[in-house]
Amino acid sequence: MAIARLTLAPLLLIAAVILSTETSAQPAAPAPGPAGPINLTAILEKGGQFTTFIHLLKITQVGEQVNIQVNSSSEGMTVFAPTDNAFQNLKAGTLNKLSADEQVKLILYHVSPKFYTLDDLLSVSNPVRTQASGRDNGVYGLNFTGEANQVNVSTGYVETRVSNALRSQRPLAVYVVDMVLLPGEMFGEHKLSPIAPAPKSPTTGVSDDDTKSNSSKKAAAPADKSASGERRVGLGFGFGLVVLCLKFLF
């Protein structure tokens, strides 16, 4: 019995060494790699209702500027993303009337060069700078008001609510807005286009206003002629009475 125990002891020791070797030979779980660079377009595409805003970010190259800056700046950035419905609710031709430079300013106006949470926006000092601030010596700032969980943003020309966040982690916050943020510097009353002149008649080439003016003149002409005729009749009648009286006397 003692001999058997002495024989088993080395075997158990060998088995323990083998198990320990196999366990230590198993590869460790890979450590998570560094997060990839933040991409604004990818965030908006995942949201699914920002086709027009994405298109404008691309053609103005503002989207690429945001990606570069947000991945290298310590301040972070905040983007207010209008939905496709927001663009569809614009007056017809609003975007088409803008020059290339004005389109850039409009999109930059939706980007703030600092990271803001919704709570930050409730206590921030107005107006908040945007990437368009300072262009053409304009303020191009945003004003925020609200309470509790509701935040409103005003441009001085339009006002809307800041809706849910597509992303709210530093260094980039992306908030949904249901209206396009039209800056007062571009769309305020002092920037509105003058009233278009009345359309000209396709046959005469004369505007409706000119036609009305000419019609008034023509209408006035018969009245003048009528008055002149009445004066001639009155003078003739008076002359006839004078002649009749002279004949009666002589």
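Here, residue 1 is the first one in the sequence, and each next residue gets the next number.
Y140 approaches R135 most closely through the heavy-atom pair CE1-O, 3.3 Å. Taking every heavy atom of both residues into account, G47 and L166 meet most closely at CA-CD2, 4.3 Å. The two atoms that bring V139 and P127 nearest to each other are CG1-CG, 4.1 Å, heavy atoms only. Residue Y109 comes nearest to G141 through the heavy atom pair OH-O, 2.8 Å, listed as atom of the first residue, atom of the second, then distance.
Atom-to-atom distance recorded for E185:CD and N137:CG is 11.0 Å, nearest 0.5 angstrom. From F187, atom CZ reaches atom CG of L106 across 5.5 Å, with rounding to the nearest 0.5 Å. Rounding to the nearest 0.5 angstrom, the gap separating the CG atom in L95 from the CD atom in E102 is 11.0 Å. A distance of 6.0 Å separates CG in L182 from CG in L90, rounded to the nearest 0.5 Å.
Both V180 and L98 are members of a single hydrophobic cluster when ILVMFWY side chains are connected at heavy-atom separations under 4.5 Å. When hydrophobic clusters are built by joining Ile, Leu, Val, Met, Phe, Trp and Tyr residues whose side-chain heavy atoms come closer than 4.5 Å, directly or via intermediates, V162 is grouped together with L142.
The closest donor-acceptor contact from the side chain of S133 to the backbone of R129 lies at 3.5 Å or more, if one exists at all.
Contact of the I38 side chain with the I43 side chain is registered, since non-hydrogen atoms from C-beta on lie closer than 4.5 Å. Considering only heavy atoms from C-beta on, L108 stays 4.5 Å or farther from T130 through its side chain. Within the 4.5 Å cutoff, the side chain of E147 has no heavy atoms near those of the L122 side chain. Two residues are said to be in side-chain contact when any heavy atoms from C-beta on lie closer than 4.5 Å; F53 and V79 meet this criterion.
Checking V70, V62, L57, V111 one by one against L40, the side chain to side chain contact (heavy atoms under 4.5 Å, CB included) holds for a single residue, L57.
A salt bridge links K105 to D136: at least one charged side-chain nitrogen sits closer than 4.0 Å to a carboxylate oxygen.
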Walk me through it: do S168 and T117 pass the test side chain to side chain contact (heavy atoms under 4.5 Å, CB included)?
-> CA-CA 7 Å; S168 57; T117 65; over 6 Å; no
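For F80 and F50, the ring centers sit 6.0 Å or farther from each other.
When the side-chain hydrogen bond (donor to acceptor under 3.5 Å, both in side chains) test is applied to Q69, the partners found at least two apart in sequence or on another chain are Q131.
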